[in-house]
Amino acid sequence: MRRIIYQRADGKIWIACPALNIDDPPGWTEADSEQRAWDKLPADALNPRFIEASEVPIDRYFRDALKLDLTVDMVKAKEIHREKLRALRKPKLAVLDIEYMQADEAGDVATKAAIAVKKQALRDVTDDPAIAAATTPEALKAVVPAALLER
Amino acid sequence: MTTANYTRPNYSTQSGTVYPAGIDAMARVFERSASAFAPHEQTAGSPAPDLTVVVDAGPVLDISRAAPDLNEMAQQTVSGFTIPSAGQSRIDRVVINDTTGLAERVAGTAVTTGGSPSAAPPDIPARRLPVCQVAIASTDTAITNDMLTDERCGVPVKTSRARRGATVARSSDTILDAGDYDRTILATGTFTQTLTAAAVLGDGWYCFYRNDGVGSITLDPNARETIDGATTKALAAAQSCMIICDGSNFKTVGLGSATVAATQAEMEAGSDNTVMATPLNAKWAPSAAKAFARWNSAGTIAVNSSINMASISDGGVGIWDAQIATDFASATSYTGVAYGGVKSGVAPLVYNTFIAGAAGSFSVRASKGDTVIPSYADPDAPDEIHAVLFGDQA
């Protein structure tokens, strides 16, 4: 069954999937469901149009950067990717914070300096030049700085 | 009375012997029809006439019973006539009750003599056959033949066929008797309905009986007679049946309840026990889910199963809005629950929030459970969201 893509007043892109109900009357068709979904679109739905289900991206990594023409807004996508990187580094920073405190209690200056370098590398992951340089969603998603890959 | 061979009397052609004999024979042939319920002035008593009308004997063919019967009614005297006030006149009627065969007076309306309008006879009541009009003036002192206008229809009075099968409303006990043969009793209230002895009613007597109210009617045959093998039979509200008599006892046939389907309002109220829930109206019961949906929460959004939904809209990560096919009465007239499910059976890992937004739509939001300030997130698992709604539909 086709989908309906539209934008709402808040700028979000919505994709409606018509329902074929258990209790729909005999003879009810997918076309009837599509029409019903169309008729029941929110009052603030802008520029609605039918699209094929196969056109809807399955990978929802950049779902919130989707545009009405089904392409990805790369500015929004880069911010989404940075948020994902921040989420990935958060537990690593927490571990390093503990290790740093332990080294400090032991007076281990060398270890403290090494940890400081690692933490700075993690802080810098969102500034990775590859992020700014990425021109496609696929290239952007592939940018995972080395600091995040270390144990 | 005996009868005779009818030969039309003819004074011009018949002999002096044949002609009067023919008149005698003719009178014998005509007598039964001509004299039946014939009205005339009072001839008995002193003084005669008086303020009564005599109605001669006549037959009533009673077909209101299982076995039709010919009832010979004796001569009757109809009383109750009064002299109008000075300067007034009135026309009354005498009628025969086609059920009982009894003659009755129907009073007219007195009017000023010579005024306008002039006196008119009263209407003939339902289930009555006319006998005569009685014109009475204020100057009269007795009813004489010259005041009577014969209105008989020339046919024997009988209980008309229309009487059979008539409906009779009843809110308290009036014993079911021979006269109720083929009738439909529409009973209301709560009472015990007694029945005439089966031997009196006879084999083949029947009537139809419906509890047309909300109370309970108990059918109670005479003495130790039974109905459906028991001494009494209760008819609940809206139940109806045919009661048949075999001459010894009674049985019901087709005992059942009304098949009137409950309205949406009656289903929503959930308090009426006299109407029926049907496959169509069951969805309006308070206990029934008014809408349901199960859809993918990952990958391409797809509605996997639903009731009364128009669409599920994916508004971004962790955001879904649902449009309802038949709206609820208002945004506050329903409630629902949404939760995550996993096809593989793994326990849900996300918190889902149900928001009743409007009469025709609701929202579901999902977020990771470990965030202090919730931010919407697509769940890793479950891979399905379920929502069930209850409430009052428009």
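By convention in this document, chain letters (A, B, ...) are assigned in the order of the sequence lines, proteins followed by strands, and residues within each chain are numbered from 1. Side chains are part of it too, since the values below use all heavy atoms of this structure and drop only hydrogens, waters and symmetry mates. Since this is a predicted model, take the numbers as computed values, not measurements.
- Contacts between A:Leu20 and chain B at a heavy-atom distance below 4.5 Å involve the backbone alone (N, CA, C, O).
- Between A:Arg63 and B:Ile319, the closest side-chain pair of non-hydrogen atoms is not below 4.5 Å.
- Contact of B:Ala293 with chain A is not made at all, since no heavy-atom distance falls under 4.5 Å.
- The minimum heavy-atom distance between B:Val317 and A:Asp64, with the atom names listed, is N-OD1, 2.9 Å.
- Only the side chain of B:Ser305 comes within less than 4.5 Å of a heavy atom of chain A; its backbone N, CA, C and O stay farther away.
- A pairwise comparison of heavy atoms in A:Pro18 and B:Ser311 identifies CA-CB, 4.0 Å as the closest pair.
- When all heavy atoms are compared, the tightest approach of B:Gly315 to A:Trp14 is CA-CE3, 3.2 Å.
- Looking only at heavy-atom pairs under 4.5 Å with chain B, the residue among A:Pro57, A:Ala37, A:Ser33 that has the most is A:Ala37.
- Counting heavy atoms from C-beta outward, B:Asn308 and A:Asp23 have side chains that approach closer than 4.5 Å.
- Across all their heavy atoms, A:Cys17 and B:Ala302 have their closest contact at SG-CA, 3.8 Å.
- Minimum interatomic distance between A:Pro42 and B:Gln323 (heavy atoms only, all atoms of both residues): CG-NE2, 3.7 Å.
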Test log, rule salt bridge (Lys or Arg N to Asp or Glu O under 4.0 Å), inputs B:Asp321 and A:Lys12: CA-CA 12 Å; B:Asp321 275 8; A:Lys12 289 185 182 300; over 6 Å; no
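- A:Arg60 approaches B:Asp314 most closely through the heavy-atom pair NH1-OD2, 2.9 Å.
- Chain B forms more heavy-atom pairs under 4.5 Å with one residue of A:Ile58, A:Asp10, A:Ile15, A:Leu41 than with any other, namely A:Ile15.
- Other residues, nucleotides and ligands contribute over 12 non-hydrogen atoms within 6.0 Å of the CE atom of B:Met242.
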